[in-house]
Q: 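Could you have a look at this structure, given as structure tokens, before my questions?
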Amino acid sequence: MDKVKELPEFERPYEKCEKFGAEILTDAELLAVVMRTGTVGMSSLTVAKELLKACPEGSSIAGLDAMTVEELTGIRGVGKVKAIQIKCMSEFSKRMWRYRHSRKIYRNTEDIAQYYMEHLRYLGHEEVYIMLLDNRCGFLGDFRLSSGTVDCSPVSVRDIFMNALKRGAVKIAMVHNHPSGNPAPSSADVGITKKIHEAGMLLGITLVDSIIIGDGNYVSLFNKAASY
């Protein structure tokens, strides 16, 4: 049985975090602290490094979000418990990001795009969200309208406005991702945006923007550069 070589205390991720703070840890060290233990012949830090190498994002901790439990458990030293811990850590991070950005005014494309960026940019399928706003572009909430395959996410215009009316929204924004990472709009994107815009005009609910999220970038079909 291989024996794990012990690191000096000042190099152990947990002890480093306790003494100097989490902000000084590398991605691998943060992951090692979350996983707590390694496996036969491998420390938690070694397992973390191997896991990051397998990430779709090229050794970036951000790529963990795109990996399924099955993919995570395919890495030596990562069992189901560790895989679920990692998925929960990823979801916790996204929820913190969204919470920090939810209590504010959304007056332009940049504001809205940044709110959804960390959640949508790594998904392997398309999701469509509707952000609900008051007359001053204050955040009233949002909802996921649909979740589709890699290249298809059906959108119900009826559901959009039923939810908007229930929440008293007078403005809405539609946001969805392109799993390819390329936010260039398709003809279908243009078509559904036009359909929602026209329906909103009849109901007195303004579609202020339609945004496509790519991998760290985005496109507005309304080409918004200033406040709404």
Side-chain angles (χ1 to χ4, degrees), residues 65-66 90-91 93-228:
D65 187 57
S90 176
E91 181 60 26
S93 175
K94 289 188 293 185
R95 291 190 188 188
M96 283 188 67
W97 172 271
R98 294 188 68 190
Y99 179 79
R100 286 174 181 170
H101 291 77
S102 66
R103 298 174 179 271
K104 62 180 291 184
I105 303 298
Y106 291 84
R107 289 202 173 99
N108 55 54
T109 299
E110 173 75 11
D111 287 346
I112 296 175
Q114 289 306 316
Y115 176 70
Y116 290 98
M117 181 64 69
E118 292 307 302
H119 172 63
L120 294 177
R121 66 182 293 188
Y122 304 116
L123 294 182
H125 60 279
E126 189 172 297
E127 290 190 353
V128 181
Y129 279 82
I130 301 297
M131 178 181 276
L132 307 173
L133 303 167
D134 62 22
N135 62 344
R136 295 184 179 181
C137 292
F139 184 77
L140 295 175
D142 68 348
F143 62 94
R144 186 174 68 178
L145 182 64
S146 64
S147 178
T149 60
V150 169
D151 58 0
C152 179
S153 186
V155 173
S156 169
V157 176
R158 178 174 176 270
D159 287 345
I160 291 173
F161 291 104
M162 282 184 62
N163 277 280
L165 290 167
K166 284 180 183 178
R167 298 291 294 273
V170 295
K171 298 178 181 180
I172 60 172
M174 181 170 71
V175 185
H176 75 283
N177 65 305
H178 280 179
S180 66
N182 181 358
S186 66
S187 57
D189 294 332
V190 174
I192 191 62
T193 296
K194 182 179 179 181
K195 188 175 182 181
I196 294 169
H197 173 67
E198 292 174 348
M201 289 178 67
L202 294 174
L203 294 170
I205 298 175
T206 304
L207 177 65
V208 295
D209 217 330
S210 178
I211 301 169
I212 303 170
I213 301 292
D215 186 7
N217 51 13
Y218 61 88
V219 165
S220 166
L221 273 72
F222 285 21
N223 294 314
K224 290 286 185 180
S227 297
Y228 297 135

Q: Considering only heavy atoms from C-beta outward, does the side chain of Ile192 approach that of Val157 to under 4.5 Å?
A: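 Of all side-chain heavy-atom pairs linking Val157 with Ile192, at least one is under 4.5 Å.
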Q: Would you give the length of the straight line joining atom CE of Met162 to atom CG of Leu203, rounded to the nearest 0.5 angstrom?
A: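 Between atom CE of Met162 and atom CG of Leu203 there are 12.0 Å.
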Q: Would you please test Ile196 and Ile172 for side chain to side chain contact (heavy atoms under 4.5 Å, CB included) and show each step?
A: CA-CA 10 Å; Ile196 294 169; Ile172 60 172; 4.2 Å; yes
Q: With no hydrogens and no angle check, is any side-chain donor or acceptor of Asn163 less than 3.5 Å from a backbone partner on Phe161?
A: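 The answer is no, because no donor-acceptor pair under 3.5 Å joins these two groups.
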Q: With no hydrogens and no angle check, do the side chains of Tyr218 and Gln114 hold a donor and an acceptor under 3.5 Å apart?
A: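 Checked: Tyr218/Gln114 side chains show no N/O donor-acceptor pair below 3.5 Å.
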Q: Indicate yes or no for a side-chain donor-acceptor contact from Asn177 to the backbone of Glu127 under 3.5 Å, with no hydrogens or angles considered.
A: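 Yes: the side chain of Asn177 pairs with the backbone of Glu127.
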Q: Working to the nearest 0.5 Å, report the span between CG of Asp215 and CZ of Arg121.
A: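 Those atoms lie 4.5 Å apart.
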Q: Is a side-chain N or O of Lys171 found less than 3.5 angstrom from the main chain of Thr206, in a donor-acceptor match?
A: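 No, the answer is negative, given that no donor and acceptor are paired below the 3.5 Å cut-off.
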Q: Are side-chain heavy atoms of Phe222 and Thr193 found at a separation under 4.5 Å?
A: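 Yes, their side chains come closer than 4.5 Å.
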Q: When rounded to the nearest 0.5 angstrom, what is the spacing between CE in Met174 and NE2 in His197?
A: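 So the CE of Met174 and the NE2 of His197 are separated by 12.0 Å.
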Q: For Ile130 and Asp159, what are the C-alpha separation, side-chain angles and deciding distance, and is it a side chain to side chain contact (heavy atoms under 4.5 Å, CB included)?
A: CA-CA 10 Å; Ile130 301 297; Asp159 287 345; over 6 Å; no
Q: Could you report the tightest heavy-atom contact between Val219 and Pro185, atom names first, then the distance?
A: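 That would be CG1-CD, 4.1 Å.
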Q: Let me confirm one number: the CG-CD1 distance from Leu120 to Ile212, rounded to the nearest 0.5 Å.
A: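 Leu120 atom CG to Ile212 atom CD1 measures 12.0 Å (nearest 0.5 Å).
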Q: Measure across Gly214 and Pro183 and return the closest heavy-atom pair with its distance rounded to 0.1 Å.
A: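 Heavy-atom minimum between the residues: N-CB, 3.9 Å.
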Q: Could you tell me which non-hydrogen atom of Asp65 sits nearest to which non-hydrogen atom of Ser90, and how far apart they are?
A: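 Closest pair (atom of Asp65, atom of Ser90, distance): OD1-OG, 2.7 Å.
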Q: Should Asp189 and His178 be marked as a side chain to side chain contact (heavy atoms under 4.5 Å, CB included) after you check the CA-CA gap, both sets of side-chain angles, and the distance that decides it?
A: CA-CA 11 Å; Asp189 294 332; His178 280 179; 3.0 Å; yes
Q: Tyr116 vs Tyr129 aromatic rings, parallel, tilted or perpendicular, using cut-offs 30° and 60°?
A: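 Tyr116 vs Tyr129 ring planes: tilted.
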Q: Please evaluate residues Arg167 and Phe143 with respect to the criterion side chain to side chain contact (heavy atoms under 4.5 Å, CB included), reporting the C-alpha separation (whole Å), side-chain torsions for both, the decisive distance (0.1 Å), and the verdict.
A: CA-CA 11 Å; Arg167 298 291 294 273; Phe143 62 94; over 6 Å; no
Q: Between atom CG of Asp134 and atom CZ of Phe139, what is the distance when rounded to the nearest 0.5 Å?
A: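 Reported to 0.5 Å precision, the distance equals 11.0 Å.
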Q: Roughly how far, to the nearest 0.5 Å, is the OG atom of Ser93 from the NE2 atom of His119?
A: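 Answer rounded to 0.5 Å: 12.5 Å.
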Q: On a heavy-atom basis, which atom in Asn217 and which in Gly181 lie closest, and how many Å separate them?
A: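 Answer, listing the atom of Asn217 first, then Gly181: OD1-O, 3.6 Å.
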Q: For Ile205 versus Ala164, what's the shortest heavy-atom pair and its separation?
A: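 Taking every non-hydrogen atom into account, CD1-CB, 3.9 Å.
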Q: For Leu207 versus Ala173, what's the shortest heavy-atom pair and its separation?
A: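 The pair with the smallest heavy-atom distance is CD1-CA, 4.1 Å.
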